[in-house]
Structure formats: C-alpha cells, structure tokens
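As the structure is a computational prediction, the values presented were derived from the model and not from experiment. The sequence lines fix the lettering, A, B, ..., with proteins before strands; numbering per chain opens at 1. Just so it is clear, the values below take in all heavy atoms, side chains as well, and ignore hydrogens, waters and symmetry mates.
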Protein chains: 2
Amino acid sequence: MTNTDIDADRLQDINAFEGSLAQKVYLALQEAILSLQFRPGEVLRKAPICEKLGVSRSPVAEAIARLANEGLVDVIPQSGTRVAYFSMEDIREGSFLRQALELASVAKVASDRTEDQFAQINRNMRLQTLLIEDGDILGFYQADEAFHELLMLFTGYPRLKAVARLVSLQVTRARMLLLPTPGRAVETLEEHRAIFDAIQNRDPDGAQAALRHHLGQLMPRIEALAKTRPELFQSR
Amino acid sequence: MTNTDIDADRLQDINAFEGSLAQKVYLALQEAILSLQFRPGEVLRKAPICEKLGVSRSPVAEAIARLANEGLVDVIPQSGTRVAYFSMEDIREGSFLRQALELASVAKVASDRTEDQFAQINRNMRLQTLLIEDGDILGFYQADEAFHELLMLFTGYPRLKAVARLVSLQVTRARMLLLPTPGRAVETLEEHRAIFDAIQNRDPDGAQAALRHHLGQLMPRIEALAKTRPELFQSR
DNA sequence: TCTTGTCAACTAACATGTTAGTCGACAAGA
DNA sequence: TCTTGTCGACTAACATGTTAGTTGACAAGA
C-alpha cells in the first residue's frame with residue numbers, strides 16, 4: 001500500500017455547478033474522479049478540500065457520503081477516504097445493469113415511439129454521420145451519448161436516465177481509459193444504425209438484438225485494460 | 001392542502017437496527033414510511049424525531065437526505081419535509097425498472113445456474129408450496145420475496161438486489177395496500193412454477209416470458225388502488 | 001534484524017450554534 | 001366578505017465544536 005498519495009487542489013471552481021453547496025461539491029468531486037484527475041487509491045482529505053473550495057466540512061462530508069454510496073470512494077470509518085480502485089467485478093455488474101435497463105428501454109421505444117420522437121432520433125443519427133464525415137471524434141462521442149439518452153428519455157420514465165447513469169458510473173470511468181479512434185467510431189455508427197432501423201420498423205426484438213450486439217462491444221475492450229493498466233485495478 | 005398533519009412518535013426503537021446512528025435513523029424512518037405508519041402528505045419534523053430517538057440533528061438530517069434521494073419524502077428547502085404521496089407515474093416507472101432488472105437476471109440465471117443454485121431455488125419452491133398448503137399467507141409472502149431475491153443473488157452481481165429494491169421502493173410501498181388473499185397466493189405459486197420450470201430446462205427465453213407474465217399481474221392491481229384510495233395519490 | 005508498545009496526529013461521526021428564507025396567522029383596510 | 005401587508009414561528013442549510021477510534025512513526029527491548 002505504498003500508493004497513499006494525497007490529492008492536490010486540481011478541482012474545478014465550485015461555481016461551475018449549481019445547486020446547494022453540498023451539490024456543487026459533490027459534482028466537482030465526482031467530475032474529478034470520473035475524469036481520472038483523482039486517481040484510484042488516492043486519499044481524499046477533507047481539510048484541504050474545504051480550504052480549496054472555501055466551504056465548511058458539512059457540505060464536503062455530505063458530498064463524500066454520496067460518492068461512497070455510489071462506490072466511487074471507499075470510506076474507512078474513523079480513518080480515511082480514498083478514491084476507489086477499478087474493479088472488474090463492479091464494471092461487469094455495471095455493464096450488466098445498464099444493458100438490462102437499455103434493453104427494456106429500446107424495446108419500449110421501438111413499440112411505442114411517436115413520429116416526433118422518431119424524427120429526433122433520425123436527426124441525431126444524421127448528426128452522428130456528419131460528425132464522422134468531419135472526423136470530429138469528440139463530437140461523435142457526445143452525439144453517441146445523446147443517442148443513448150434519447151432512447152431512455154423517450155420511454156417517458158424520467159428517472160431512468162439517472163438510474164442508468166448511477167449503476168454504470170464505474171463503466172463510465174473505465175471508458176475514460178479507452179482512447180476513441182476513428183475506426184471504432186465508424187463501427188459504432190453502424191451499430192447505432194442497426195438499432196435505428198429496428199426502431200423505424202417498430203421491431204422491438206430486432207432493436208434489442210442490435211442493442212445487445214452494440215453494448216457487447218464494450219466489455220472486451222475494458223477487460224483488456226485490466227492487463228494493460230493493472231495498477232488501477234489493484235487490491236480491493 | 002388541509003392535510004398538513006404532524007407526525008407522532010410512532011417510530012421503532014432505534015436500536016432495532018445496526019450501523020451508524022444515521023443509518024439507524026434512516027432505516028427506522030424508511031420502515032415507518034414503507035409500512036404506511038407515516039402516511040403520504042404528513043409533515044416530518046426534525047425536532048420531535050431527534051427528541052424521540054435521542055439523537056442530534058446531524059444523523060436525522062442525513063437520513064432525511066437519503067429518503068429524499070429515494071423519493072420517499074419531498075423536501076421543500078427552507079420550509080419543510082413531507083412524506084411523498086403515491087404517484088402512478090413513479091410506480092409505473094419503478095415497476096418498469098424492476099422488471100427490466102429481473103428479466104435480465106432470470107435470463108442469466110436460467111443460462112448459467114449451477115446445480116447447487118437450482119437446488120436452492122427448488123427448496124424455496126417446495127417451501128412456497130408447503131406454506132400455501134398450510135394457508136400461511138404471510139409466510140408465503142416472505143417466501144415469495146425470497147424467491148425473487150434468490151434469482152437476483154444467483155446472477156453473482158451483489159449490487160443488483162439493492163438496485164432493484166431502490167428503484168421499486170414506491171412499488172413496495174404500494175403493495176402494502178394490497179391485502180394478500182389465498183386465491184392470489186395460489187396464482188402466484190403457479191406463475192413462480194412456470195419460471196422455475198424454465199430455469200430447470202435452462203430456457204432463458206421461456207423464463208423471461210414467464211417472469212414477464214408474473215410481474216404483469218401486479219400493476220393492474222395497483223392501478224385499481226388509485227381509484228379506491230385517491231386521497232393517497234393526491235396532488236403531486 | 002525483528003518485535004512490541006507507546007504516543008501523537010489524523011479522521012469520521014456526532015453535537016451544537018448560526019443564518020437566511022418560507023409560511024401561515026392575523027389584523028388593518030376596502 | 002375579500003384583499004393585502006406585517007410579523008413571528010419554524011425550517012433547511014451551513015458553520016463550528018467535540019469525541020472516540022484508527023493509523024503509522026518511532027523508540028525500546030529481544
């Protein structure tokens with residue numbers, strides 16, 4: 001356990017976020033953890049965080065409690081808090097849960113979609129195509145996320161998106177390690193198109209199959225990371 | 001909004017639970033809300049709760065924050081906290097999310113189950129049968145829950161059960177209004193048996209279909225409540 | 001070199017003090 | 001009767017004080 005570094009003050013300004021102080025601190029810390037600015041195993045010290053952000057211990061304590069609940073930090077009572085290591089078990093589970101939710105969503109959307117909803121998905125698909133044509137990988141990444149969010153949004157269940165995000169936070173963090181490539185983007189677009197076609201045809205089973213294939217591409221790429229970057233998966 | 005009653009001190013002793021003070025208070029309050037001892041619309045006052053439970057405001061505040069996050073209470077900032085009303089939208093969503101998770105689980109279990117796991121499910125099924133033979137409806141209710149928990153447990157994903165519980169808390173609360181009947185218990189057992197048979201035959205699709213049918217029985221019965229007990233679904 | 005015991009520094013958890021904002025009762029006026 | 005404005009009681013959110021428990025460094029002894 002030589003890796004007991006202390007976190008520095010590489011935190012965004014708190015006012016970049018909105019809500020209560022606790023909410024702001026929570027978002028700032030989560031951002032830092034998910035973007036890997038805070039690395040697995042690093043110790044989170046409350047006092048420096050309070051000082052840096054200019055708030056008292058209460059909102060920081062509440063924020064850390066939420067992060068612990070999400071599994072992004074490990075709290076050792078009466079001792080300390082550290083950024084959670086990657087865990088393949090957690091990531092596999094998160095992937096499974098997310099897939100379960102998205103499969104149910106896409107089936108419902110394929111069945112129940114309105115024409116207006118379809119038009120919005122269509123627009124997103126054309127945007128994806130456009131961004132790939134321009135080689136804007138980062139933009140495509142965002143459109144990709146928007147595509148999945150649209151599917152969940154159109155179920156009409158407002159909490160769905162938040163739940164899906166919650167269960168797959170570890171997956172989201174792990175994805176940060178996968179550098180996006182043009183080749184993979186093209187493949188992704190094709191997989192999205194298969195889902196899109198099934199939705200157009202109001203084919204729930206086809207949409208599920210296409211989505212299952214799409215999401216199935218992710219885990220093998222993350223599994224490979226466990227061997228490339230073993231230090232991030234340490235202990236646990 | 002004439003229904004601004006104040007909550008009384010009908011709370012379990014805190015030491016019936018374990019964990020930190022905040023955890024104990026959280027569990028005690030959640031218990032009271034889910035069991036409908038605290039009724040929708042009632043105002044939660046911190047001071048009496050602190051006094052009754054013999055703790056300071058900190059753990060109570062943390063407990064209420066968690067309940068708000070789960071949607072069991074509505075916090076009006078700088079004003080007050082009240083027990084959330086039932087909302088058909090919330091309940092439909094919870095049911096959808098739970099079904100999504102359970103469908104994925106049962107398919108995986110039907111595919112991957114070990115003989116030992118099957119034996120445990122088999123034992124639970126025989127227990128259910130036994131309890132119905134004896135007319136022990138309450139016991140059957142618990143075995144029913146254990147049946148579903150086993151399915152989630154055997155996926156090998158430890159958070160699954162907690163997530164499923166989290167997303168369907170409103171459904172759980174609503175179920176408290178459905179008085180269990182011997183007739184429904186017998187039907188339930190038959191539906192469980194269909195799932196069980198598909199698991200025995202390692203038939204994921206069959207298991208999903210059987211589970212879908214089983215879970216599909218619940219929502220219509222809850223929908224009926226919205227007309228029988230409209231006061232609980234008020235406003236929102 | 002390897003234990004073992006002590007102790008200081010640090011922490012989470014809890015208690016308590018403070019503040020700004022909301023709500024409802026009630027009175028004054030129309 | 002109905003509106004309107006004031007004021008006090010209450011609240012969530014935040015700041016700060018307190019406590020008990022853990023950890024790790026280090027020295028004393030084997």
Undergrad: Looking at side-chain heavy atoms only, is the closest gap between A/E89 and A/R92 below 4.5 Å?
TA: yes
Undergrad: Check this for me, if you would: do A/R98 and A/E102 make a salt bridge, where the nitrogen-to-carboxylate-oxygen distance has to be below 4.0 angstrom?
TA: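 Counted as a salt bridge, because a side-chain N and a carboxylate O are separated by less than 4.0 Å.
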Undergrad: Mind listing the N/O atom pairs, protein and nucleotides 19-22 of chain D, below 3.5 Å?
TA:
residue: D/dG21; atom: N2; partner: A/Q78; partner atom: O; Å: 3.4

Undergrad: Tell me whether the NZ or CZ atom of B/R173 lies within the 45° cone about the ring axis of B/F86 and under 6.0 Å from its centre.
TA: yes
Undergrad: Can you find a heavy atom in the side chain of B/Q117 that is under 4.5 Å from one in the side chain of B/D112?
TA: no
Undergrad: Which stems, defined as runs of 3 or more consecutive Watson-Crick or G-U wobble pairs with both pairing distances under 3.5 Å, involve DNA chain C?
TA: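 Stems for DNA chain C, defined as runs of 3 or more consecutive pairs: C:1-30 with D:1-30.
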Undergrad: Heavy atom of residues 12-28 of chain A under 4.0 Å from DNA chain D: which residues?
TA: A/S20, A/L21, A/A22
Undergrad: How would you list, by chain and number, every residue that makes a side chain to side chain contact (heavy atoms under 4.5 Å, CB included) with A/T181, sequence neighbours excluded?
TA: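 A/T181 satisfies side chain to side chain contact (heavy atoms under 4.5 Å, CB included) with A/R184 once adjacent residues are dropped.
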Undergrad: Which parts of residues 58-69 of chain B get close to DNA chain C, meaning a heavy atom less than 4.0 angstrom away?
TA: B/S58, B/P59
Undergrad: OP1 or OP2 of C/dT16 less than 4.0 angstrom from a side-chain nitrogen or oxygen of B/R57, does that happen here?
TA: no
Undergrad: With a 4.5 Å limit on heavy-atom distance, are the side chains of A/E42 and A/R82 in contact?
TA: no
Undergrad: Answer with yes or no whether the side chains of A/N124 and A/Q120 bring together a donor and an acceptor at under 3.5 Å.
TA: no
Undergrad: For the residue pair B/H214 and B/H192, categorise the inter-ring angle as parallel (less than 30°), tilted (30 to 60°) or perpendicular (more than 60°).
TA: perpendicular
Undergrad: Identify which nucleotide among C/dA12, D/dA15, D/dA13 has an atom closest to any side-chain atom of A/T81, counting heavy atoms from C-beta outward.
TA: C/dA12
Undergrad: Hey, does the side chain of A/K46 come within less than 4.0 Å of C/dA12's phosphate (OP1/OP2), counting only N and O?
TA: yes
Undergrad: Counting side-chain heavy atoms from C-beta on, which of D/dC10, C/dA12, D/dA13 comes nearest to B/R45?
TA: D/dC10
Undergrad: Indicate yes or no: does A/E62 engage A/R66 in a salt bridge with an N to O separation below 4.0 Å.
TA: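 Yes.
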Undergrad: Measuring only between side-chain heavy atoms, which start at C-beta, is A/Y26 closer than 4.5 Å to A/E31?
TA: no
Undergrad: Separation of A/E51 atom CD from D/dT16 atom P, in whole Å?
TA: 13 Å
Undergrad: Are the side chains of A/E93 and B/T155 in contact, using a 4.5 Å heavy-atom criterion?
TA: no
Undergrad: Around B/E51, counting heavy atoms of other residues, nucleotides and ligands shown, do more than 12 lie under 6.0 Å from its CD?
TA: no
Undergrad: The criterion is side chain to side chain contact (heavy atoms under 4.5 Å, CB included); which residues satisfy it with B/S20, sequence neighbours excluded?
TA: B/A22, B/Q23
